[in-house]
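Per chain, numbering begins at 1; letters A, B, ... match sequence-line order.
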Amino acid sequence: MSRQVMGRLAQLSPLVEQVSIDEAFADISDLHKPAEDIALQLQREVDDELHLPCSIGIASNKLVAKIATETGKKAAHGPEYPRAICVVDYGREAEFLAPLPADMLWGVGKKTGVALAELGMHTIGDIARWPEADLVRRFGQNGHDLSLHARGVDDRPLVPEHEAKSISQETTFGRDESDDVVIHATLKSLSAQVGRTLRSEKLAGKTVKLKLRWPDFTTLTRQVTLPSHTDQESEIYETALRLLRQIRLPGRAVRLIGVGVSNLGEPVHQMELWGASREKQRKVQSLLDELQDKYGDNVISRGCEKE
DNA sequence: TCTGGGGTCCTAGGACCC
DNA sequence: TCTGGGGTCCTAGGACCC
């Protein structure tokens, strides 16, 4: 359904940025037609053809358009899903934002919200009136953005294609898990999924990160950068296992375990000293991928490779 | 309410190099 | 013998987003 909705947007404008599974920005500045009409037509089309409700915000930049959508949704009432359309005219961005609560601004979450409230800033207008230099002193780079955004200024461009910066998989156990066999097997299966995603995207990563959460919810990460890029399950798993052994004694209970790969680049399948065996591994791997794509994840998996 | 999964960006300190 | 400053890369953690 997401793809179908995005397809409708693509017909509207060549410049579409998908933000998540159910949200996107479209640049309609080249369309010579009133914004309201465009929004209404799109909303009807999605409703009639795909039977989905959607809300639309229109403004001169991404930040205000996003907040306009939220505001429209909040203003809608009744038992139906909201089908809001909210337009903020050019030049009236700051005026529109001023009365809204501070935490509707992008980048204001729980912590920043509390910090702002302690200083007496409750609305976006309060932030806009606060001296920018003081916001920068208190919040660093974020303070600068806060000040600009509160005044409705946002010059971030639409980016149609986002390149992934990292790929990861994590899982929370149904109960805290202390069995080494289960934990290692889970890590292996997560590594396998990360490897498959990498290969299907024709990517490989250089930095492997292990994530661990203890039963008391404290969360740790440990990462290491490899000498070269990899898209192989075995290398990801063995690296993650090494990191795990550095921070966890056998038998210690774990709530969540995850593995991720970053520092992404193109996979290099070079013939080095171990070129022949690497090449062989790679062939086995793509055969496995093919089988799993066809018959599902459980049809076949790797056994022990060494030790 | 005992708190999921997958991401991004920023900060800060340390190693290392010139 | 002791010392400067800047740049880059790496690691760990935290805030935030959907």
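In A/Q11, the CD atom is crowded: over 12 heavy atoms of neighbouring residues, nucleotides or ligands sit closer than 6.0 Å. Heavy atoms of other residues, nucleotides or ligands lying less than 6.0 angstrom from CG of A/D37 number more than 12.
Listed by residue number, the members of residues 134-151 of chain A with any heavy atom below 4.0 angstrom from DNA chain C form an empty set.
Atom CD in A/E17 sits roughly 13 Å away from atom P in C/dC18 (whole-Å rounding). Between the P atom of C/dC16 and the CG atom of A/L63 lies a distance of 16 Å, rounded to the nearest Å. Summarising the geometry, the separation between CG on A/L105 and C1' on C/dC17 is reported as 13 Å, rounded to the nearest angstrom. Atom pair A/D103:CG and C/dA15:P shows a separation of 16 Å (rounding to whole Å applied).
The residues A/E49 and A/R8 are annotated as salt-bridged, a charged nitrogen and a carboxylate oxygen being separated by less than 4.0 angstrom. Contact check on A/D134 versus A/R137 returns a salt bridge, with a Lys/Arg side-chain nitrogen under 4.0 Å from an Asp/Glu carboxylate oxygen. Using a 4.0 Å cut-off between charged side-chain N and carboxylate O, A/E70 and A/K66 make a salt bridge. Looking at A/D145 and A/R156, no side-chain N of the basic residue comes within less than 4.0 Å of a carboxylate O on the acidic one, giving no salt bridge.
OP1 or OP2 of C/dT11 has at least one side-chain nitrogen or oxygen of A/T225 nearer than 4.0 Å. Phosphate proximity of C/dC10 to A/T207: absent, as no side-chain N or O sits under 4.0 Å from OP1 or OP2. Between A/K110 and the phosphate of C/dG14, there is no side-chain N or O to OP1/OP2 separation shorter than 4.0 Å. Phosphate proximity of C/dT11 to A/R222: absent, as no side-chain N or O sits under 4.0 Å from OP1 or OP2.
Remark: the A/D176 side chain and the A/S178 side chain contain no N/O donor-acceptor pair separated by less than 3.5 Å.
Each of C/dA15, C/dT11, C/dA12 was ranked by its minimum atom distance to the side chain of A/T221; first place goes to C/dA12.
Distance CE/A/M121 to CZ/A/R129: 11.0 Å, rounded to 0.5 Å. Within the model, atoms OG of A/S60 and CZ of A/R92 stand 13.0 Å from one another, a figure rounded to the nearest 0.5 Å.
Contacts of A/I21 with the nucleic acid, taken as non-hydrogen atoms under 4.0 Å apart, are absent. Across all strands, A/V108 comes closer than 4.0 Å only to sugar-phosphate atoms, never to a base (heavy-atom distances). Residue A/L210 is classed as having no contact, given no heavy-atom separation below 4.0 Å to the nucleic acid.
On the P atoms, B/dT3 is 23 Å away from C/dC18, given to the nearest whole Å.
Taking the nucleotide of DNA chain C with the nearest heavy atom to each of A/T112 and A/K206, the more 5' of the two is matched to A/K206.
As the counterpart of C/dT11, B/dA12 is assigned, both hydrogen-bonding distances of the Watson-Crick or G-U wobble pattern falling under 3.5 Å.
A cation-pi arrangement is absent between A/R83 and A/Y81 under the rule of less than 6.0 angstrom and at most 45 degrees off the ring axis.
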Protein proximity profile, nucleotides 3-9 of chain B - base contact B, sugar-phosphate-only contact S, no contact -, cut-off 4.0 Å on heavy atoms: BSSSSSS
